[in-house]
Asker: 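Below is the structure I would like to discuss, written out as structure tokens.
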Amino acid sequence: MAHIFITGGTGFIGRHVLRALSLPGSWAPHQLTVLVRSLTRFHSFLQKEGLEHSPSIRPVKGDLSLPSLGLDDTGLELAGQADILLHMGGPMDIGLGPEEAESVFFRSSEEMVSLAKRVHQNRGLKHFIHLVGFKSPYHEKNADLPEHIGHPGEPPYENRKLAADLYIRRELYREGIPLSVVNPGVVIGDSATGVTEQTGGLGILVDSVRRGLMPLSPGGAGHWLPLVHADHSAAFIAALVREEKPGNGTYFLLDEKNGSPDMRDLAGSIAKEVRVRGPFGAMPLPLLTKALRTKWGRKTGIPAESMNFIADGDFPLASKQAVERKYKLVTGLNRDILPGTIADLDYRLSHGEAGLPDAGFKPGRLGKLAVWSRQEGAGIPVVLLHGTFSGAFPLLPAASRLTGHPVYAADLPGFGRSPYHHACDVIAGYVEAVTGALMELGQPVVLASHSFGGLIAAKVMEQLPGYVRGAVLLQPALHAAHAGVPAWIAGTYMKRMTERKLVRKLLESGSFADEGEIPQEYVRYVLRDLASPRVRKTNADVFAALGNAGAFGLSPGKWDTGKVRLVWGELDRQYRLPQAFRHLPVTQILAGHQFPISHPDRTAELILEHAGHCGSERDGKGTVTAF
């Protein structure tokens with residue numbers, strides 16, 4: 001067991017590092033002393049990450065920008081007992097000014113070096129691990145060369161990071177303290193879910209493409225953006241912690257250029273996922289950087305400094321690959337999850353923190369669907385599917401009331417954080433995505449599905465009856481409620497949507513009983529959502545498909561009446577319950593079409609009632625008989 005003093009433990013990579021070093025199943029139960037600015041916020045962070053009960057994590061209050069890292073005597077004593085110093089602190093903000101960059105990068109490194117020297121003199125420091133970045137030119141053989149005296153032309157963010165790298169190398173090499181410098185590429189979400197909290201880096205490119213500001217790819221086919229997953233970075237750092245006799249090493253944590261998408265491919269992939277036109281050519285980087293520094297270029301909001309992260313050559317990977325082989329690591333880019341990463345960034349760019357749930361629901365993925373899940377209770381799992389002009393987030397108030405059951409609130413393809421399915425048949429693409437998610441989950445569920453999601457749930461139930469123990473169809477779309485509207489017209493209308501227009505439309509359609517019943521958070525959610533061309537185009541495509549009577553094609557006469565329950569809002573002015581479905585159990589409530597949003601308590605009550613009924617249907621041995 002090692003005692004590790006950590007800076008940057010709550011950062012994008014840091015949270016993965018804490019999990020890798022502290023959760024059961026990690027290589028060793030290390031003692032982790034974590035520098036934090038706020039103990040209250042850190043405890044909330046641990047709860048969100050599911051680490052609140054970890055006995056190995058101990059926070060100490062301090063600040064990277066202060067002398068002695070802002071530590072009091074107790075904190076300094078704890079830090080002085082460390083075997084390993086892991087320095088990952090500093091914000092991912094390429095727009096930092098000179099003074100702030102000097103403080104959080106260079107001065108904090110001076111303090112960390114001072115701490116390292118004290119520990120080494122008193123008890124011997126086993127290892128110093130420093131997280132820098134792939135643009136650093138330094139390594140073991142060139143850190144003492146006299147020409148490395150500054151970094152002219154680099155913005156403050158990069159300048160002071162590179163200066164800190166050089167300073168730490170020179171000082172620790174002289175003291176004989178083993179130093180590992182990890183140079184990750186542009187860090188994106190984890191390799192399994194794609195969840196990317198950090199909207200800098202790749203998020204800048206996503207934002208530029210979705211706003212139509214990237215008709216020419218920066219740098220073209222000869223340039224690329226090295227990418228690495230946050231969890232892969234954490235696993236690599238955890239492997240370095242395991243080294244019994246560490247030496248001095250520099251590790252570029254990224255892929256080979258030949259196996260990575262170039263800038264034209266990457267920008268094209270982003271354009272496909274955010275559903276806009278891709279770049280039709282390329283622009284030399286020096287010219288683009290110069291243009292972004294002009295008065296008109298600054299108005300685009302694209303930082304000229306972001307161009308510095310685009311590379312045109314290979315990097316030395318032998319040392320990284322040796323660690324990968326030794327510890328059987330896989331750190332390569334998972335290109336299959338890249339669409340999910342782009343969709344997640346697109347969602348965060350539209351919604352920010354306002355579109356993220358409180359503690360209790362965690363981001364995840366089922367098949368190709370992004371989900372917010374809560375794993376509580378032994379009841380049958382409930383999967384919620386939303387309608388148009390919505391996503392998983394607006395259904396979370398109802399989902400949070402489904403006590404006693406694991407809950408998965410899913411974003412349908414093209415909505416929320418899920419990438420679009422890109423199938424030729426709009427409706428079939430949704431059915432395929434949901435069936436794939438249920439098959440990956442691998443156990444019977446209750447589908448609680450609203451509006452358009454209700455139609456998809458009904459089709460999935462017919463195709464995969466063994467995976468659907470029960471279905472609660474909440475105001476399902478069972479017939480064409482309007483004449484087909486071309487998608488481009490609908491998309492143009494949504495692009496010009498205002499709060500006043502949206503509220504008027506919701507009342508005219510009978511979505512809500514009156515204006516006072518419309519949650520303001522829902523209105524804000526829809527308007528933020530429609531800032532994304534991906535979401536506008538997806539809503540328009542679905543809206544057009546629902547105008548086609550041939551899109552429905554259900555066989556309700558064959559449905560098991562004990563398996564299905566319909567809930568109908570009597571005030572809905574768009575949809576009616578077709579005669580072919582009236583033999584099924586129907587609960588009518590005095591509400592509009594959007595009652596799962598306006599009446600989450602009643603909605604949850606009805607779902608729980610049906611889930612309890614479906615969950616009690618077991619064979620004589622007490623096992624589920626759905627398969």
Side-chain angles (χ1 to χ4, degrees), residues 194 206-207 209-212 269-278 338-351 355 365-372 384-395 409-434 436-437 449-457 459-460 477 480-482 484-497 502 505 511 522 525-548 551 594 597:
V206 172
D207 187 43
V209 173
R210 80 175 199 154
R211 289 192 291 137
S269 296
I270 293 172
K272 177 182 177 181
E273 296 307 328
V274 299
R275 310 200 69 187
V276 299
R277 291 182 180 178
L338 197 53
T341 299
I342 295 167
D344 189 82
L345 284 167
D346 181 58
Y347 177 82
R348 291 168 190 272
L349 289 166
S350 293
H351 293 276
R365 189 165 297 276
L366 283 177
K368 297 180 179 179
L369 300 183
V371 298
W372 296 109
L384 283 84
L385 304 179
H386 60 84
T388 54
F389 295 97
S390 189
F393 184 80
L395 294 183
D411 285 317
L412 290 170
F415 296 92
R417 299 177 300 110
S418 291
Y420 189 61
H421 56 65
H422 301 293
C424 295
D425 187 310
V426 172
I427 301 298
Y430 284 98
V431 174
E432 181 181 357
V434 175
S449 310
H450 176 232
S451 191
F452 166 63
L455 169 64
I456 301 305
K459 287 179 172 288
V460 170
H482 53 79
V485 178
W488 70 270
I489 294 179
T492 301
Y493 178 78
M494 283 182 270
K495 189 174 184 179
R496 298 174 180 172
M497 184 69 72
L502 176 59
K505 184 68 176 176
S511 293
Y522 172 68
Y525 178 92
V526 173
L527 292 176
R528 291 194 305 264
D529 222 26
L530 295 180
S532 164
R534 174 179 66 97
V535 175
R536 290 197 304 269
K537 183 72 164 60
T538 298
N539 272 298
D541 286 348
V542 172
F543 194 69
L546 291 177
N548 178 9
Q594 294 283 10
I597 294 171

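Residue numbers run from 1 in the order of the sequence given.
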Asker: Which heavy atom of Ala551 sits nearest a heavy atom of Ala545, and at what distance?
Answerer: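 Shortest heavy-atom separation between Ala551 and Ala545 comes out as CB-O, 3.4 Å.
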Asker: Is the shortest side-chain heavy-atom distance between Asp346 and Arg275 below 4.5 Å?
Answerer: no
Asker: Between Ala410 and His386, what is the shortest heavy-atom contact and its length?
Answerer: O-CD2, 3.2 Å
Asker: Do Thr388 and Phe543 come within less than 4.5 Å of each other through their side chains, counting heavy atoms only?
Answerer: no
Asker: Where is the tightest heavy-atom contact between Leu502 and Met497, given as atom of each residue plus distance?
Answerer: N-SD, 3.5 Å
Asker: What heavy-atom pair brings Arg536 and Leu530 nearest, and what distance separates the two atoms?
Answerer: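 Scanning both residues completely, I find the closest heavy atoms to be NH1-O, 2.8 Å.
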Asker: Hey, mind stepping through Arg534 and Ser350 against side-chain contact (heavy atoms from CB on, under 4.5 Å) and telling me if it holds?
Answerer: CA-CA 11 Å; Arg534 174 179 66 97; Ser350 293; over 6 Å; no
Asker: Can you classify the ring geometry of Tyr347 versus Tyr525 as parallel (below 30°), tilted (30 to 60°) or perpendicular (above 60°)?
Answerer: tilted
Asker: When you look at NZ of Lys368, are more than 12 heavy atoms from neighbouring residues, nucleotides or ligands closer to it than 6.0 Å?
Answerer: no
Asker: Please, which pairs that meet side chain to side chain donor-acceptor pair (under 3.5 Å) have at least one residue in residues 420-432, sequence neighbours excluded?
Answerer: Glu273-His422
Asker: Measure across Ala437 and Leu369 and return the closest heavy-atom pair with its distance rounded to 0.1 Å.
Answerer: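 Answer, listing the atom of Ala437 first, then Leu369: CB-CD1, 3.8 Å.
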Asker: Compare all side-chain heavy atoms of Tyr522 with those of Phe389 and state whether any distance is below 4.5 angstrom.
Answerer: yes
Asker: Would you mind reporting whether Leu412 and Val434 have side-chain heavy atoms less than 4.5 Å apart?
Answerer: yes
Asker: Nearest 0.5 Å, please: how far is CG in Leu395 from OG in Ser390?
Answerer: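 Ser390 atom OG to Leu395 atom CG measures 5.0 Å (nearest 0.5 Å).
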Asker: Would a 4.5 Å heavy-atom cut-off, applied to side chains only, mark Ser532 and Arg210 as touching?
Answerer: yes
Asker: With sequence neighbours left out, what residues match Asp529 under side chain to side chain donor-acceptor pair (under 3.5 Å)?
Answerer: His351
Asker: So, do Phe393 and Asp411 sit near enough that their side-chain heavy atoms are less than 4.5 Å apart?
Answerer: no
Asker: Less than 4.5 Å apart, side chain to side chain, heavy atoms only: is that true for Ile270 and Leu345?
Answerer: no
Asker: Would a 4.5 Å heavy-atom cut-off, applied to side chains only, mark Val206 and Thr341 as touching?
Answerer: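 The answer is no, as the side chains (C-beta and beyond) never meet within the 4.5 Å cut-off.
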Asker: Ignoring hydrogens, what is the shortest heavy-atom contact between Ser418 and Ala370? Give both atom names and the distance.
Answerer: OG-N, 2.7 Å
Asker: Once you round to the nearest 0.5 Å, how far does OG of Ser451 lie from CD1 of Ile597?
Answerer: 9.5 Å
Asker: Rounded at 0.5 Å granularity, tell me how far CG in Leu455 sits from CG in Leu546.
Answerer: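 Spacing of CG (Leu455) from CG (Leu546) equals 6.5 Å.
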Asker: Give a yes or no answer on whether the side chain of Arg417 reaches the backbone of Gly340 with a donor-acceptor pair at less than 3.5 Å.
Answerer: no
